[in-house]
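All remarks here apply to the structure that follows.
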There are 2 protein chains.
Amino acid sequence: MKPTGQASARGGYHHGDLRQAMIEAAEALLAEKGLNGFTLRECARRAGVSPAAPAHHFGNLAGLLTAIATLGFDDLSDAMEQAADKASLSGEGRLAAIARAYLDVALARPGRFRVVFGQRGLDWDAPDFKRAASRAFGVLVAETRAHLAGGQAAPAAPLVTPPDAAGAPDLPFILFVWSVTHGFSTLLIDGQLDFLAGEAGREAMLDRHAGKLVCLLVAAVADSEGLAKPAGDH
Amino acid sequence: MKPTGQASARGGYHHGDLRQAMIEAAEALLAEKGLNGFTLRECARRAGVSPAAPAHHFGNLAGLLTAIATLGFDDLSDAMEQAADKASLSGEGRLAAIARAYLDVALARPGRFRVVFGQRGLDWDAPDFKRAASRAFGVLVAETRAHLAGGQAAPAAPLVTPPDAAGAPDLPFILFVWSVTHGFSTLLIDGQLDFLAGEAGREAMLDRHAGKLVCLLVAAVADSEGLAKPAGDH
DNA sequence: GCACTATCTTAACGTCGTCAAGATCGTTAG
DNA sequence: CTAACGATCTTGACGACGTTAAGATAGTGC
């Protein structure tokens, strides 16, 4: 049978690199309609492929979303690392830098961010996904510890596997940092703070408050440093 | 035509109080399957009613979810108010009490919490919903301000309309409190902190860290009180 | 040049949210 | 008392969704 459907419009029966094409289509669709309007069929449509084609590459919808979420975690890790390094050079605090980077990534791609931390089912056991998630958490842990240590020194071995952190004495600080950053990002993304924007728009509201919020966070971690540590170290 | 379908099993053509029955079925379904497995048809099925029946009471799926979210916001407000009052009597801090109450509500009904702050579309313009959301934010504002004022005094007029808060000097503190609380709740609910639970389960992990986290929050707000205020008041 | 395997299409299934049209019931006006 | 009416619910249907099974096509290695 001649390829009379989508394949003919594309020029061949095989796509070539459908996996990448699907991911790009998915990102575009997420940016356009958000996670709510996201559809596997629409992605396949944009990739010029039948609805059943993605099954072989991703298994199912959860597989595609997991691939997107993996990219999202890596994006988060990269942005935090780069921001911390740059801030370290210019003398700013690394903690403030990663918090700001986290927020920026969330705001730049809210759809993808919602996939990472969203309700639609993911393959939590996918190796790549687990690795990406661990890396992002590792960056957070490393930077928070560097901040607690008082220096701008980048830790030599920044990779922290989650089980290591389970009993760490500075875990409350790490959770605190993550909670503030993630919470503010989530509230913003979900539109819960839109009533604060006024007529100036969200950007103005961000410029006004995000900086102060990060200052509060840094001050909080610095000031209560001795709270969770048994013996004083300063 | 005789009622041969769902109506006969119920005993009559009319239900009586379908609106309430749908809400109860929805809550049960959310508790059982979460927001992901939530379905309007399944709710109607459990209420013993045809799939099109809820349309007249809620308009569409968003209408039903908005009704649930309204209950969720009211639940949040009530829990925070009661916790603050009780804590005030026993001498504890009201701020720590509302943070803990927020977390407890989220953990007690994660499905409903995800409806309130979730991705599935809601009718943001529904009057009841707006009122409930404003009330919850108002409680947060009032308690944070009471804490900043240094006393456990409950404010006489706790209702704060959102526009009032847009230019308030203590807004960063309020956002800070909300971000920490909401962020930690969200991370927990979404299973992002499950790897910290270990073999002891999530309850043990909560008992270990939630308290310290709230302590950090309270200390942070108390310590950096003078940061956003132009003139020192202590 | 041929089998083999990966890749993609077609067709279909069951489920979903929603709508239009009709049936039923409670209520109220005459 | 009854007839009309509006509110409530059912039925049946529509298009879209995710997923699957079976078949067609293309690149690859022998």
Protein N or O to nucleotides 19-22 of chain D N or O, pairs below 3.5 Å:
residue, atom, partner, partner atom, Å
D/dT19, OP2, A/Leu61, N, 2.9

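- For the pair B/Asp17 CG and C/dG26 P, the interatomic distance rounds to 15 Å; values are reported in whole Å.
- When the side-chain nitrogen and oxygen atoms of B/Arg45 are compared with OP1 and OP2 of C/dC16, one or more of them lie within a distance under 4.0 Å.
- Nearest-nucleotide positions on DNA chain C place A/Leu18 closer to the 5' end than the other of A/Leu18 and B/Glu42.
- Atom pair A/Phe58:CZ and C/dT7:P shows a separation of 12 Å (rounding to whole Å applied).
- Contact annotation: A/Thr39 side-chain N/O to D/dC17 OP1/OP2 distance is under 4.0 Å.
- Remark: C1' of D/dC17 and CZ of A/Arg120 are 10 Å apart, rounded to the nearest angstrom.
- Note on A/His56: every side-chain N or O is 4.0 Å or more away from OP1 and OP2 of C/dA6.
- Taking side-chain N and O atoms only, A/His57 has no distance below 4.0 Å to OP1 or OP2 of C/dA6.
- Summarising the geometry, atom CD1 belonging to A/Ile189 is positioned 6.0 Å from atom CZ belonging to A/Arg114; distances are rounded to the nearest 0.5 Å.
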Item to check | ring pair (Phe, Tyr, Trp, His ring centres under 6.0 Å) between B/Phe73 and B/Phe137, worked out | outcome: CA-CA 9 Å; B/Phe73 263 131; B/Phe137 185 71; over 10 Å; no
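- Salt-bridge annotation for A/Arg109 and A/Asp104: absent, with no side-chain N of the basic residue lying under 4.0 Å from a carboxylate O of the acidic one.
- Residue-level contact check: A/Gly63 touches neither bases nor backbone, having no heavy atom under 4.0 Å from any strand.
- The distance between atom CZ of A/Arg19 and atom P of C/dC8, rounded to the nearest whole Å, is 12 Å.
- Centroid-to-centroid, the aromatic rings of B/Phe184 and A/Trp178 stay 6.0 Å apart or farther.
- Atom P of nucleotide C/dG17 and atom CG of B/Leu29 are separated by 10 Å, given to the nearest angstrom.
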Next on the checklist: Working note: A/Arg94 + A/Glu81, criterion salt bridge (Lys or Arg N to Asp or Glu O under 4.0 Å); need CA distance, chi angles, decisive distance, verdict.
Outcome noted: CA-CA 9 Å; A/Arg94 298 175 71 98; A/Glu81 278 183 348; over 6 Å; no
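- Taking atom CG of A/Leu64 as the reference point, atom C1' of D/dC17 lies 15 Å away to the nearest angstrom.
- Under the 30°/60° scheme for interplanar angles, the aromatic rings of A/Phe117 and A/Tyr102 are found to be tilted.
- When all heavy atoms of B/Val116 and B/Gly72 are compared, the closest pair comes out as CG2-CA, 3.9 Å.
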